[in-house]
Number of protein chains: 2
Amino acid sequence: MGTQSVTEQGDDPAETILARIRARGGAATIYDIAELAEVNPSTVSRALGKPGRISAATAARVHAAAERLDFRINPMARALQTGKTRMLGLVLADITNPFVFGIVRGAELEAAAAGYTLVIAESQESGENEAEAIERLLPSVDGLVLATTRLGAGAIGRLAARKPVVLINRAVEGVQSVLPDVEAGVEALMSHLAGLGHRSVAYLAGPDSSWMSARRWSSILAAAEQRDIAIVEIGPGVPTIEGGREALRRVNAARVSAVIAYNDLMALGLMQEAAARGVVVPDQLSVAGFDDIFGTELITPPLTTVHADLITAGRRAVQELLEPGTAVQIEQSDDLLPTRLIVRGSTGTA
Amino acid sequence: MGTQSVTEQGDDPAETILARIRARGGAATIYDIAELAEVNPSTVSRALGKPGRISAATAARVHAAAERLDFRINPMARALQTGKTRMLGLVLADITNPFVFGIVRGAELEAAAAGYTLVIAESQESGENEAEAIERLLPSVDGLVLATTRLGAGAIGRLAARKPVVLINRAVEGVQSVLPDVEAGVEALMSHLAGLGHRSVAYLAGPDSSWMSARRWSSILAAAEQRDIAIVEIGPGVPTIEGGREALRRVNAARVSAVIAYNDLMALGLMQEAAARGVVVPDQLSVAGFDDIFGTELITPPLTTVHADLITAGRRAVQELLEPGTAVQIEQSDDLLPTRLIVRGSTGTA
DNA sequence: TTGTAGGCGTTATCAC
DNA sequence: GTGATAACGCCTACAA
């Protein structure tokens, strides 16, 4: 009878279950699937979770039922049991700095590919905000990428003891990090400048709390010594366009023929202010930066800069979080991210 | 005795519990607190969760114990029970487009202020990727902000039926959205151009799937008609610098004295290509864009554009998600985000 | 290969 | 005002 009356309502067990799911206003669970596939919930969990651990026939039934009920696993329930949230945190000092775009994209790409979700927090360049943001998302993530962190080495170390941490553009003893090959980039830049006849150069430093600014400075200092070029450090300064603009006066006062800014944003600001004050770049002053961000090709003359592959940096950081051993420990100089000099119009003969 | 021997070890109950927590390699739970404060776990939950519902003395003991054990609530456990994850999703077409910076910052700011965590996904301008990304993070979030979505109205509607959704720069019947006041911006821009004597203008369109591109075009068309200015639409084009560069030839062929690009990125590309081909902006061609992104002041001449307050857009979208009623329904023309014309050097007399 | 049972950390619903 | 107890949805020994 039942098989004959095709018009009969409510006979489809799947429909019955779906109705119940809708009624409780939620999503399908493994219990619903178990009921429809006529197996135990634990069997469903296994069929969905591990490949070969279940008979092909049962697995097929389970998958069909899951499909039918439009099942999505509840990440919270899974996380509660396993302790793994499949989420990764990315902490940035300043989201509006074009420098971070590449990092975000690379990290998101790699995270998504591995089935992880990326959560983002911004510290607005404040160490306090950063600590707060980290505390806030620490319980929800399996690991953390700190790009341009303003935290001290101690705080970073303690953090790394709690959860996997990977640093970008920062090295701390015992903590994984993704670093560009600063040496190589600086070498290329300095010989470029030397080749143009510059004998007196200034380095426009970033914030005091920036590890990378110090790193670049020490590298530049060494390269200058080696070439017998006069070098001065100016700063510290805010790592923004505004920071660059404000520094022009001191750069001029230093009477150098070329200036290397901590980052492209500062270099850009420097050039804008130079243009505003009638200082011709590169005729009267050569300017170079770091990172090769968006905008370096827009300005006139376009900016000479040391390119860093930020997308790869983001990818690597996430890879390292997911399977430790891929990235690089402090000062293990191979495996640094390649860096290359992009010569554009902002540098010229002295 | 016990009270006398101050040197006695392991007598501090807090220490004992802390040791046990460390031993199991996890974090403190409300059970640990309950034990230390000598109350029931449910009391701990209440003391921590709701304000007045507990006696002051008990609450104090609980808080002290929580502090002592460095307790952080487990968001997964809470979410499992409440169904609320306190996470919000932000889906973007292209993270590297400076257009999104403001949105991300605004959204993150507002989310953090409300104790929410922001998770980010990028679709790389592909509707398929976008759908996939949304499926991936839907179970983990309480709501979704879609900025520059490439999804169809149907898909968006179905999505909004499952979870709270707020759109930025896109309107769909029955779905909340945050929209700029396109009319006002276009009016200002067109009268600016008319005042400069332009009688023939081109609109360089964005992608076909971009709602906002169509919106801007219809607004421009109306404003041009009203002023008896000749207007042509060129496109569709890719909404990037490259897309702008590629369009120059068609813009020239149209013999217009001014071009309005769908967004600043395309305007920037147009100008770069113009410079490369010896077309002088604004003498031979006036160029204007939309959004006022990073970089518009860098290029020479700086770009005239219709500024949109993207940070506020991001904030509003999140506010609306958190407490519906704040933002604006389709075509409810008040409550649009104010927009204003920024006149710079890329527009001049015809 | 599959079922049973217990637990992950929290909140909610009852009692008292 | 506080305590006991049962979910929330999933995973995982252990047993069968």
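Reminder, nothing fancy here: chain letters follow the sequence lines and each chain counts from 1.
- We find that CG of Asn40(B) is positioned 16 Å from P of dG9(C), with the value rounded to whole Å.
- The closest side-chain heavy-atom distance from Val119(A) to Leu118(B) is not below 4.5 Å.
- Between Leu310(B) and Ile168(B), the closest side-chain pair of non-hydrogen atoms is not below 4.5 Å.
- Note: CD1 (Ile30(A)) to P (dT2(C)) measures 15 Å, nearest angstrom.
- Close to dC8(C), at under 4.0 Å from its OP1 or OP2, lies no side-chain N or O of Asn74(B).
- Residue-to-nucleotide proximity on DNA chain D shows that, of Arg46(A) and Met76(A), the 5′-proximal contact is made by Met76(A).
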Walk me through it: do Thr312(A) and Gln319(A) pass the test side chain to side chain contact (heavy atoms under 4.5 Å, CB included)? CA-CA 10 Å; Thr312(A) 302; Gln319(A) 281 166 7; over 6 Å; no

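- Computed from coordinates, the Tyr31(B) OH to dT11(C) P distance equals 11 Å when rounded to whole Å.
- The environment of CD in Glu38(A) is sparse: at most 12 heavy-atom neighbours from other residues, nucleotides or ligands sit within 6.0 Å.
- Taking a heavy-atom distance under 4.0 Å as the criterion, the stretch of DNA chain D touched by chain A extends 5' to 3' from dG9(D) to dA13(D).
- In this structure, Ile33(B) places its CD1 atom 12 Å from P of dG9(C), rounding to the nearest Å.
- Between Lys84(B) atom NZ and dA12(C) atom C1' there is a gap of 16 Å when expressed in whole angstrom units.
- Between Thr43(A) and dT2(C), a side-chain N or O to OP1/OP2 separation shorter than 4.0 Å is absent.
- As rounded to whole Å, 9 Å separates atom P of dT10(C) from atom CG of Asp32(B).
- Separating the CD1 atom of Ile54(B) from the C1' atom of dA12(C) is a distance of 13 Å, rounded to the nearest angstrom.
- Side chains of Asp142(A) and Thr85(A): a donor on one and an acceptor on the other come within 3.5 Å.
- Remark: Lys50(B) is in phosphate contact with dA12(C), judged by side-chain N or O atoms under 4.0 Å from OP1 or OP2.
- Using modelled atom types, one finds a donor on one side chain and an acceptor on the other under 3.5 Å when comparing Ser55(A) with Thr58(A).
- For the pair Gln81(B) CD and dG9(C) C1', the computed distance is 10 Å after rounding to whole Å.
- In this structure, Ser42(A) reaches the bases: a heavy-atom distance under 4.0 Å links it to at least one base atom across the strands shown.
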Stepwise salt bridge (charged side-chain N to carboxylate O under 4.0 Å, His left out) test for Arg105(B) and Glu110(B): CA-CA 9 Å; Arg105(B) 165 169 283 184; Glu110(B) 198 67 25; over 6 Å; no

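- Look at Thr58(A) and you won't find any side-chain N or O under 4.0 angstrom from OP1 or OP2 of dT1(C).
- Residue-level contact check: Ser55(A) touches the backbone only, with heavy atoms under 4.0 Å from sugar-phosphate atoms and none from bases.
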